[in-house]
Amino acid sequence: MLKTHSCGELRKEHVGKKVTLAGWVDRRRDHGGLIFIDLRDREGIVQVAFNPEVSEASHKVADRMRSEYVVRVSGEVARRPRGTENPKLPTGEVEIIAQEAEILNPSKTPPFYVNEDVEVEENLRLKYRYLDLRRPRMRESMMLRHQVVKFIRDFLDANGFIEIETPILIKSTPEGARDYLVPSRLHPGKFYALPQSPQQLKQLLMVAGMEKYYQIARCFRDEDTRADRQPEFTQLDLEMSFVEEEDILCLMEELFVSLVAAVKPQMRVLTPFPRLSYAEVLDRYGTDKPDLRFGMEIKDLSDIVAKSSFSIFAEAVASGGKVKGICAPGCADYTRRQLEELNELARSCGAGGLVTISLGDSAGGGLDGLSMEKVRSAAAKFLTTDEVKEMARRLEAKMGDLLLVVAGEAKVVNLALGELRQEMGARLKLAEPNTLAFAYIKNFPLFRWDEEAGRWDSEHHPFTKPWDEDIPLIDTDPGKVRSKHYDMVCNGYEIGGGSLRIHTAELQRKVFRLLGYRDEEIEERFGHMLEAFEYGAPPHGGIALGIDRIVMLLAGRETIREVIAFPKTQSALDLTFNAPSPVSEAQLAELHIELREE
RNA sequence: GGCCCCGUGGUGUAGCGGACUAACAUGCCACCCUGUCACGGUGGAGAUCAGGGGUUCAAAUCCCCUCGGGGUCGCCA
């Protein structure tokens, strides 16, 4: 090794030791006589003092050093003179008195600060990702990610799981997300596809008797990106045989509780993880991935205003819709402009509009003193004091609060209020950043009617097991069939999902038929699964968790790009390599591909 | 594909019709400086204001188009 110690590890116990360090120049302070270099490596920073009276030669070398030069320094670890210790550095009690120094490689002036944590345009960071990754924030992200994956592997190993790799070149299945395709050289006109997830493979591993499988699996989906979505991403994929739903949910709960305690002990995990039904979360939070770090629940007000002379409310109820609301605490003094923004948000969700009801000013106080003079609302003249009081009471409001009420079709009302709840939660900073509020969402419908295609579609995927008692409904009322699927959510993100799977060919075939596949299609696309299920497939189930999103939440970052070493842009470009790129005519010819004019 | 936001020295920002010959901070270069640690001091270089077109006596500033980036809806079984 070119070094005997790492910069970050040196403490006063090392005083007197002769050490050799190698790393990058984080900062240089030239005092004319004395030169100080903050030397940085992966583990941290230590100050090196170049004194011409100690070593004329190395002082000369230090004179040429600049930011991000790669240098090697030998010298003695010394206690810093009294009064010059730096409490901001873990190594701040000591410094290296340089005796020898060499520049291993100079550096151009970096295009952005490596030694300061300032915002830099993201495409510049991505182009020079190798410099960006030197910055402390990114280094911490990468280390955290490593610790998370390491912990998961150790945990699952201790619980009897074995890690098995599955192919990256596999078969295209037109259902689900758009596939990334790989042309075959040996089979003209045929293509492999990159896996969207190892779903079928892990089920076959259960048929194979592996009983407990997991994989840190790369998955590929050719769909548009988001802050929490990339074309390729990493899942913790796992599957178990002979399990019931709670076996998996409890195991994952144990995993996360111990994981957070190990890698982020300063974060609080709310336990036990609540199990909520899909219908319930839509009703109470307006989304299937609620942020449960704060309340502000959506309440049904339909019965209160069914007979109201405010026709928008009364008519919504009369035509089978709902009137629901949330309470924004302390927002009674919101300006017209602020209220209009919220109205706009509600409309963008498809709502006809938003009715806001300000309860007095921000003076606070109980509802007893509420009179219509203190109510500010476009609907004020149509509402009675009792109606407003009742609504306020149900929403657990007090004077000074703002009621946000939406009327219309239940689905739209929930969606709009869900968005408003999220928005108000963010504005009022109701979500504690160091808290992780996990929950399981269960009892999804198995099928959803696809208007466009005019047929039933799987809510998740066709291998999900229905409730036993609902199986007859597949023939009579598919929309009522409940599934054995569960999602794991945390702080408003869906971080994973799984299910118990169908393990008999008979039931699997029945589901495929409902989804509109002809028998020969079923054979062509899923024959391998159906046949496998005829050779003693055990009951099984599993879950897949988004590693990128989990690390993002643990790192407190806004996008998964912050926890991926080389992420892609929104338009799926890799700016470090400039991928995708054209290929030569020869390469195309070998793959039997001819480009067509667009 | 729709909608929204952003693009000004290397970096991050200010300027939002005339006082802009474009400001500030930092970085960079030179010189000075032996206890700094975001060292300090003096001086200097560095910007066709993303690109194109238009309105105007006058455009970084207003309008249109294009490009690039981000957010989001659709999409993500």
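Model, not experiment: these values are computed from the prediction. Throughout, a chain's letter reflects where its sequence line sits, starting with A, and its residues are numbered from 1.
Ion pairing between R561(A) and E122(A) holds under the 4.0 Å rule for side-chain N and carboxylate O. Taking the charged nitrogens against the carboxylate oxygens, K411(A) and E409(A) have no contact shorter than 4.0 Å, which rules out a salt bridge. The pair E245(A)-K465(A) fails the salt-bridge criterion, with no side-chain N (NZ, NE, NH1 or NH2) lying under 4.0 Å from an Asp/Glu carboxylate O. Salt-bridge check for D475(A) with K510(A): passed, with a basic side-chain N closer than 4.0 Å to an acidic carboxylate O. A salt bridge between R509(A) and E523(A) is present, with a side-chain N of the basic residue lying under 4.0 Å from a carboxylate O of the acidic one. Salt-bridge formation is not detected for the pair K289(A)/E494(A): no Lys NZ or Arg NE/NH1/NH2 atom is positioned less than 4.0 Å from an Asp or Glu carboxylate oxygen.
One interatomic measurement links the two molecules: CZ of R557(A) to C1' of rG70(B), which rounds to 18 Å at whole-angstrom precision. The distance from atom CZ of F50(A) to atom C1' of rG35(B) is 15 Å, rounded to the nearest whole Å. Atom C1' of nucleotide rC76(B) and atom CG of D450(A) are separated by 14 Å, given to the nearest angstrom. Nucleotide rC76(B) holds its P atom 8 Å from the CZ atom of R448(A), rounded to whole Å.
Taking the six-membered ring for Trp and thresholds of 30 and 60 degrees, Y128(A) and Y130(A) have ring planes more than 60 degrees apart, a perpendicular arrangement. Between F444(A) and H485(A), the ring planes are perpendicular. Angles over 60° get that label, and only those under 30° would be called parallel.
Here the CZ-CD distance, from R178(A) to Q196(A), works out to 10.5 Å after rounding to the nearest 0.5 Å.
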Next on the checklist: At under 4.0 Å between heavy atoms, how does the protein contact nucleotides 36-43 of chain B? Give one character per nucleotide, 5' to 3', with B, S or -.
Outcome noted: BBSB----
Checklist outcome for this item: Letter by letter from the 5' end, nucleotides 7-14 of chain B scores (B base, S sugar-phosphate only, - none; protein heavy atoms under 4.0 Å) ---BBS--
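Within the nucleic acid shown, R347(A) has no heavy atom closer than 4.0 Å to any nucleic acid atom. Nucleic acid contact for S571(A): sugar-phosphate only, since backbone atoms but no base atoms lie under 4.0 Å from a heavy atom of the residue. Note on N51(A): a base of the nucleic acid sits closer than 4.0 angstrom, heavy atoms only. Using a 4.0 Å heavy-atom distance criterion, L573(A) is classed as a sugar-phosphate-only contact. R82(A) comes within 4.0 angstrom of no nucleic acid atom, judged by non-hydrogen atoms across all strands.
For rC76(B), the base has no donor-acceptor partner in the side chain of R221(A) [N/O atoms by modelled type, under 3.5 angstrom]. The base of rG70(B) is not paired with the side chain of N123(A) by any donor and acceptor separated by under 3.5 Å.
Heavy-atom distances to RNA chain B give each of T569(A) and E223(A) a nearest nucleotide, and the one nearer the 5′ end belongs to T569(A).
For the pair R226(A) and rG74(B), the criterion of a side-chain N or O lying under 4.0 Å from OP1 or OP2 is not met.
Of the possible donor and acceptor atoms, one in the side chain of R455(A) sits under 3.5 Å from a partner among the backbone N and O of L515(A).
Spacing of P atoms, rC65(B) relative to rG12(B), comes out at 27 Å, to the nearest Å.
Considering only side-chain atoms of R66(A), the nucleotide from rC29(B), rG74(B), rU72(B) that sits closest is rC29(B).
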